[in-house]
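Only one structure is covered here, and it is reproduced in the block below.
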Number of protein chains: 2
Amino acid sequence: MQTESTGNVTLEQVAHHAGVSLATASRVLNGSTRQVGEKLRKRVVASAGELGYLPNASAQALARNSSSLVGLIVHDIADPYFSSIASGVTGGAEEEGLVVVLGTTGRTPHRETELLATLRAHRARAVVLAGTRTVDEAGNRNLAREIERFTAQGGRVACVSQGGLPADTVVPANREGAADLARRLIAMGHRRFAVLAGPPDLRTARDRLDGFHGALSEAGIEPAYHDVVHGAFTRDGGYASTERLLAAGTEATCLFAVNDVMATGAIAALRDAGLRVPDDLSVAGFDDIPTLRDLIPALTTVRLPLEWMGREAARLALAEDPAPEPRRVPVSAEVVVRDSTAPPA
Amino acid sequence: MQTESTGNVTLEQVAHHAGVSLATASRVLNGSTRQVGEKLRKRVVASAGELGYLPNASAQALARNSSSLVGLIVHDIADPYFSSIASGVTGGAEEEGLVVVLGTTGRTPHRETELLATLRAHRARAVVLAGTRTVDEAGNRNLAREIERFTAQGGRVACVSQGGLPADTVVPANREGAADLARRLIAMGHRRFAVLAGPPDLRTARDRLDGFHGALSEAGIEPAYHDVVHGAFTRDGGYASTERLLAAGTEATCLFAVNDVMATGAIAALRDAGLRVPDDLSVAGFDDIPTLRDLIPALTTVRLPLEWMGREAARLALAEDPAPEPRRVPVSAEVVVRDSTAPPA
DNA sequence: CCGGGCGGGGAAAACATTTTCCGCGGCCTC
DNA sequence: GAGGCCGCGGAAAATGTTTTCCCCGCCCGG
């Protein structure tokens, strides 16, 4: 039977209603340091329920110097790669009774630093950085500095995907996964590859490219660098990159896109150009995005447990122990061969 | 040249460093009510920069009784329907310098009420409710009550998709869109339809079903109710529903799934059952999810401007004027005919 | 029988900011 | 020349909690 007429019920009102002091009411309803006698405890709980008391989170954060907020920074929440990770992070945070603050950078690197500062201003308890790093040294240094401020203030930071940042990191096997994929494609009979390499300054993209090329070299295949085309890390980027590749002419029998959304764009571009996949050209991606599993032809790709990675990052960021030293959680990547690849004609 | 050694710089330190009072420092750096002389203003700004001052957002929220937080409540952020909307909401909020708090319900209706209370505790300035309503009257009443508390406290609420809730709402033309789609399919020659209707208690699902059936009736076609199968509003729900439909046997020539992700599952199930789309059975969806546009066969569907809808909801929730009365912004839905539908054999 | 601990309750300080209220000096007007 | 108003600065109250410190009474041991 809530009776709250208007405005907000404060702890003081609850205390008064229960005939106890502010301190006692606080100890009963929020604090956990000290015991309160059964009799008073019950009175306070009853009063709180009756008045519909809801603690003012801002005041609590101020007094405790720590809020129940967990930050999550991604480039673009509409990208299924990030929304899968976000799903894991929110799941992990909500289990702990925490609330997720979502920041999106729109792929602007310095926005990440800005958002981290905002989160520090809010005394967020932890932050998960899911945007992949660039190779921009200055930007990374700024970000590292901001991370140190954040941790100095008592917050914790975890990253998804690599980066030499001073924070716990969930590290997917981008290099090894791409290398494994290359070996599978070579075993299939392919010898000439084209690569949609994404943005040249993105670490994730570069690692996958490197891993792929490494395995090619091992097998004695010279990567044809004119068949490596850079472009945006999106579906449309994949489409455009593929168009450029076709316009320039290529003798590749297999096309590797460094992520699934680009591979999706590539398949569309090939289809629009009158080419069949995999008959005329094989296509492979990376990530194994759940939403894209129903594509036809089904995409050969490298599976990453994205949601699990997000959850794990949340776990790291919310762990009790202060972790004297950045931890790294390696995540293995598994090649999944489906219908978009076939032996070359 | 930041010199902040450790801990956090408070406004008091800035004021002291600049040789002014707390009030003046506050007015320069945050408040906007009153003017401060050019001389002092410069001194304060310089000191703040030098010390690396960052306002404590909790303290601000406490003193102002309003934070810079905007809530966003969805069922499942990994679902592209919601992540598209989320993209619009975050875009709109970040333009205003606000921060988005993401809550996910996991499709548990009362979680929505819980999350709204949490947001109220944080003195969130506004909330966008994107989860579709159920027809559960008691749950909706609780939610409406919580919305009223939230607005009484000075916050504003906007909803995406229908619901008789006391809040501004962006209302997509679910009925009309489904009806238009039905008419197009009838014009194509179809007379027998099966429907994957989603959960029976979900308003959005029911409205689309009603609109579809309404147009059928208008055309003198009796809906075959045994060809309406309910199931989860997800890809796997669509798959399972289609399996059940096939197991029961159907003479339908066209299958309407009330959203795209279910349609995706349906196409997969049909393919696994050895049926061709659209040759053996036409399939249509609803939403026009961007990520699913590259599906083959390309999905005939009803387009909703999801990201725009999210942005618009944010705009409503952040509008200046108090809006004496809930506003409704209608959103028209446009049929997009693609390859997954064809005249019946 | 007295002193010391201890368990539990309350007063008040602390948290960092905004905002109200007050005062002072200068300028304008009559 | 005097009174009033206005612009700008500062002191202090207010915001809603947590937490420290103190105190009281009770129990137990000496």
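The sequence lines fix the lettering, A, B, ..., with proteins before strands; numbering per chain opens at 1. Below, all heavy atoms of this structure are taken into account, side chains as well, without hydrogens, waters or symmetry copies.
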With sequence neighbours left out, write down each residue that passes salt bridge (Lys or Arg N to Asp or Glu O under 4.0 Å) with B:Glu94, or none if nothing qualifies.
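Expected list: A:Arg111.
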Hits for salt bridge (Lys or Arg N to Asp or Glu O under 4.0 Å) against B:Arg311, two or more places apart or cross-chain, chain-then-number order -> B:Glu95
Salt bridge or not between [X] and [Y]? Use side-chain N to carboxylate O under 4.0 Å.
X: B:Arg149; Y: B:Glu146; value: yes
X: A:Asp79; Y: A:Arg107; value: yes
X: A:Arg133; Y: A:Glu112; value: yes

Measure [atom1]/[X] against [atom2]/[N] and give the value in whole Å, please.
X: A:Asn30; N: D:dT17; atom1: CG; atom2: C1'; result: 8 Å
X: B:Leu11; N: D:dG10; atom1: CG; atom2: P; result: 13 Å
X: A:Leu62; N: D:dG16; atom1: CG; atom2: P; result: 12 Å
X: B:Gln13; N: C:dA16; atom1: CD; atom2: P; result: 8 Å
X: B:Glu12; N: D:dA12; atom1: CD; atom2: P; result: 13 Å
X: A:Arg123; N: D:dT18; atom1: CZ; atom2: C1'; result: 16 Å
X: A:Tyr53; N: D:dG16; atom1: OH; atom2: C1'; result: 8 Å
X: B:Arg41; N: D:dG7; atom1: CZ; atom2: C1'; result: 15 Å

With B:Ser66 as partner, the option from B:Gln153, B:Arg123, B:Arg125, B:Gln60 fulfilling side-chain contact (heavy atoms from CB on, under 4.5 Å) is B:Arg125
Open item on the list: Run B:Glu38 and B:Arg41 through salt bridge (charged side-chain N to carboxylate O under 4.0 Å, His left out) and show every step you take.
Closed with: CA-CA 5 Å; B:Glu38 189 55 20; B:Arg41 146 166 250 106; 5.1 Å; no
Protein-proximity profile, nucleotides 4-14 of chain C, B/S/- by nucleotide at the 4.0 Å heavy-atom cutoff, equals ----BBBB---
Double-helix bend of the helix from C:dC1-D:dG30 to C:dC30-D:dG1, axes at both ends from 5 pairs, round to 10°, gives 50°
Are [X] and [N] close enough that a side-chain N or O sits under 4.0 Å from OP1 or OP2?
X: A:Gln60; N: D:dG16; answer: no
X: A:Asn56; N: D:dT15; answer: no
X: A:Ser26; N: D:dT18; answer: yes
X: B:Asn8; N: C:dA16; answer: no

Using a heavy-atom cut-off of under 4.0 Å over every strand shown, decide if B:Asn65 touches base, sugar-phosphate, or nothing.
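Counting heavy atoms under 4.0 Å across all strands, no contact is made by B:Asn65.
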Here the ring-ring contact (aromatic ring centres under 6.0 Å, His included) pairs for residues 105-158 of chain B, sequence neighbours left out, are none
_Show me the pairs that pass ring-ring contact (aromatic ring centres under 6.0 Å, His included) and involve residues 45-75 of chain A, at least two apart or across chains._
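Sorted result for residues 45-75 of chain A: A:His75-A:Phe82.
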